[in-house]
Amino acid sequence: MTARVRLGVNIDHVATIRNARGGPHPDPVRAAQLAVAAGADGITAHLREDRRHISDDDIVRLVAALTVPLNLEMAATAEMLQIALAHGPHAVCIVPEKRAERTTEGGLDVLGNQAGLRAFVDRLTARGSRVSLFVEPDPDQIEASAAIGAAVVELHTGRYCYLTGDDQTAELARLAKAAALATARGLEVHAGHGLTFANVGPVAAIPQVAELNIGHFLMGEAVFVGLDFAIREMRTAIDDARPPSPAC
Ligand code: PXP
């Protein structure tokens, strides 16, 4: 598989900065539009149960404004299901959520919650959204994701990003094996969490990875070099690792 890797830009942390002062600036929808102009193939926003960054109104405005697919990240709760069904975004990525965590700390336990998650997959898929499950690169979680009918797995790259040396190499091999298994089971493979200019290459080079979702590093880097430049640099780092084929 040589197709160009899609880049989804997560805009949550623009909302984090906005919410620090309680006003309308900086607007995550404006950031999304800039990201698209810089080459983002999609926009990701995580509506958390505690609304610590993205708000319900942000989702309404993103749905109205975006010209590229919206990937709505959410926990598997009844409230979030109703919101996702009301909007019918292009994609819904179901993530585990703990109120006290700083960010999404681990993958979903699909294996241990197959019946509950299948109900979400069924309803969201019937609404027309592609359902993605955010999982660790663990074969059992991937088999379970396929078994309950998800279209996509997003592999959690957090461990790969914080490990170093041989441990990081071993985690990269786990990601590559998980990507191959997911593809063999008919799942599209996405990856994300903690990716930077320095560590994105080996993940982008995994041939089955179709999409990378990146947020925190890009927004941090934008403080120094601007959002447009940061996204273009990330695009280049991804393409350098897996050059697009001439047909793409
Ligand atoms: N993918 C998923 C499912 C996530 O929960 C997050 C974090 O919100 C990301 C990707 C992006 O991670 P980061 O902000 O570290 O780039």
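Values below: all heavy atoms of this structure, side chains included; hydrogens, waters and symmetry mates excluded. Indexing begins at 1, ligand by ligand and atom by atom, following the structure's order.
Asp41 places no side-chain N or O within 3.5 Å of a backbone atom of Gly8 that could act as its donor or acceptor partner. Side-chain atoms of Ser129 do not come within 3.5 Å of backbone N or O of His90 as any donor-acceptor pair. Side-chain N or O atoms of Asn199 include one that pairs as donor or acceptor with a backbone N or O of Thr196 at under 3.5 Å.
Every N/O-N/O distance between His46 and ligand 1 stays at or above 3.5 Å. Residue Ile214 has no N or O atom closer than 3.5 Å to an N or O atom of ligand 1. The distance criterion of under 3.5 Å between nitrogen or oxygen atoms is not met by His13 with respect to ligand 1. Annotation: Gly194 places an N or O atom under 3.5 Å from an N or O atom of ligand 1; distance criterion only.
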Assess whether side chain to side chain donor-acceptor pair (under 3.5 Å) is satisfied between Asp166 and Gln168, documenting all intermediate values. CA-CA 5 Å; Asp166 290 348; Gln168 189 180 49; over 6 Å; no
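Ligand 1 places these atoms under 4.0 Å from at least one heavy atom of Asn213: 10 (C), 11 (C). Under a 4.0 Å criterion applied to the non-hydrogen atoms of His216, ligand 1 contributes the atoms 13 (P), 14 (O), 16 (O). Set against the non-hydrogen atoms of Asn10, the atoms of ligand 1 under 4.0 Å away are 8 (O). Close contacts of ligand 1 with Val95, meaning ligand atoms under 4.0 Å from a residue heavy atom, involve 3 (C).
Note: the hydrophobic cluster containing Ile231 does not contain Ile17 (ILVMFWY, side chain heavy atoms under 4.5 Å, direct or indirect links).
Taking a 4.0 Å cut-off on heavy atoms, Phe134 registers as neighbouring ligand 1.
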Report all side-chain donor-acceptor pairs from residues 142-153 shorter than 3.5 Å, counting only partners two or more places apart or in another chain.
residue	atom	partner	partner atom	Å
Glu143	OE1	Arg185	NE	2.7
Glu143	OE2	Arg185	NE	3.3
Glu143	OE2	Arg185	NH2	3.0
Ser145	OG	Gln141	O	2.7

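Partner of Met74 under the side chain to side chain contact (heavy atoms under 4.5 Å, CB included) criterion, chosen from Val95, Val92, Leu47: Val92.
Taking each of His53, His193, Glu73 in turn, the one with a heavy atom nearest to atom 2 (C) of ligand 1 proves to be Glu73.
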